[in-house]
Amino acid sequence: MRSARPSADSRKLAFVVTRDGRPVKVQRTIFSECFYTMAMDELWRVTGNEKYQREAVEMMDQIVRWVREDPAGLGRPALPGAGSVNSMAVPMMLLCLVDQLEEGDAKMADKYRELGAWCVEQILQHLQ
């Protein structure tokens, strides 16, 4: 888990690492963190080690902060004249994470119920 972070205080994760775990590339999106969250949740399910579930939930909470509260450090810089974009990729990915984390876990289902509804609302905006 430590090798995935470019620095000890970073919440972003490396998209590419060397064979010995040194970070090479960090993306400006949330997708490395999303896949990390899925991996940590699956590790918890396979091993029963709760540190993996805690890590998955902590990263999920960080992803939600980036998406819904403070996107600082994500995306490309805003350019003058560029309109706002409502991407369907982010709510689709978050909905996958909600499904992953709540599978067989009533506590997580309660925690992420509102987020799942928000994701569906965002996705439906793309349907005609």
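Along the sequence shown, residues are numbered consecutively beginning with 1. Side chains are part of it too, since the values below use all heavy atoms of this structure and drop only hydrogens, waters and symmetry mates.
For the atom pair I63 CD1 and Y36 OH, the distance stands at 10.5 Å (nearest 0.5 Å). Residue R45 holds its CZ atom at 4.5 Å from CG of D41, rounded to the nearest 0.5 Å. Rounding to the nearest 0.5 angstrom, the gap separating the OG1 atom in T47 from the CD atom in E42 is 10.5 Å. The CD1 atom of I30 sits 13.0 Å away from the CZ atom of R65 when rounded to the nearest 0.5 Å. Here K12 contributes atom NZ and E33 contributes atom CD; the two are 3.5 Å apart, rounded to the nearest 0.5 Å. How far CE of M60 is from CD of E55: 14.0 Å, rounded to the nearest 0.5 Å.
Here the closest non-hydrogen pair linking L95 and G116 is CD1-O, 3.9 Å. Nearest heavy atoms, S87 versus H126: C-NE2, 3.8 Å. Between D105 and L101, the closest heavy-atom pair is CB-O, 4.0 Å. The heavy-atom pair separating A14 from V17 by the smallest distance is CB-CG1, 3.8 Å. Closest approach of W44 to Y52, counting heavy atoms only: N-CB, 3.6 Å.
Contact of the F35 side chain with the M93 side chain is registered, since non-hydrogen atoms from C-beta on lie closer than 4.5 Å. A 4.5 Å side-chain heavy-atom check between T29 and W66 finds every atom pair outside the cut-off. With contacts defined as side-chain heavy-atom distances shorter than 4.5 Å, the pair L43/N49 does not qualify.
Heavy-atom neighbours of F15 CZ from other residues, nucleotides or ligands within 6.0 Å: at or below the threshold of 12.
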task = Could you walk me through whether R11 and M59 pass side chain to side chain contact (heavy atoms under 4.5 Å, CB included), step by step?
result = CA-CA 8 Å; R11 292 305 299 163; M59 184 55 74; 3.8 Å; yes

query = Taking it one step at a time, do D61 and K111 satisfy side chain to side chain contact (heavy atoms under 4.5 Å, CB included)?
reply = CA-CA 10 Å; D61 293 345; K111 177 176 174 131; 3.2 Å; yes

query = Is there a side chain to side chain contact (heavy atoms under 4.5 Å, CB included) between R68 and L115 once you walk through the steps?
reply = CA-CA 10 Å; R68 297 183 71 185; L115 178 61; 3.6 Å; yes

message = With salt bridge (charged side-chain N to carboxylate O under 4.0 Å, His left out) as the criterion, how do D110 and R113 come out once you've worked through the C-alpha distance, each side chain's angles and the decisive distance to 0.1 Å?
response = CA-CA 5 Å; D110 285 342; R113 181 171 285 115; 2.8 Å; yes

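A continuous path of Ile, Leu, Val, Met, Phe, Trp and Tyr side chains, each step under 4.5 Å between heavy atoms, connects M40 with V64, placing both in one hydrophobic cluster. V26 and V90 end up in different hydrophobic clusters when Ile, Leu, Val, Met, Phe, Trp and Tyr side chains are linked at under 4.5 Å.
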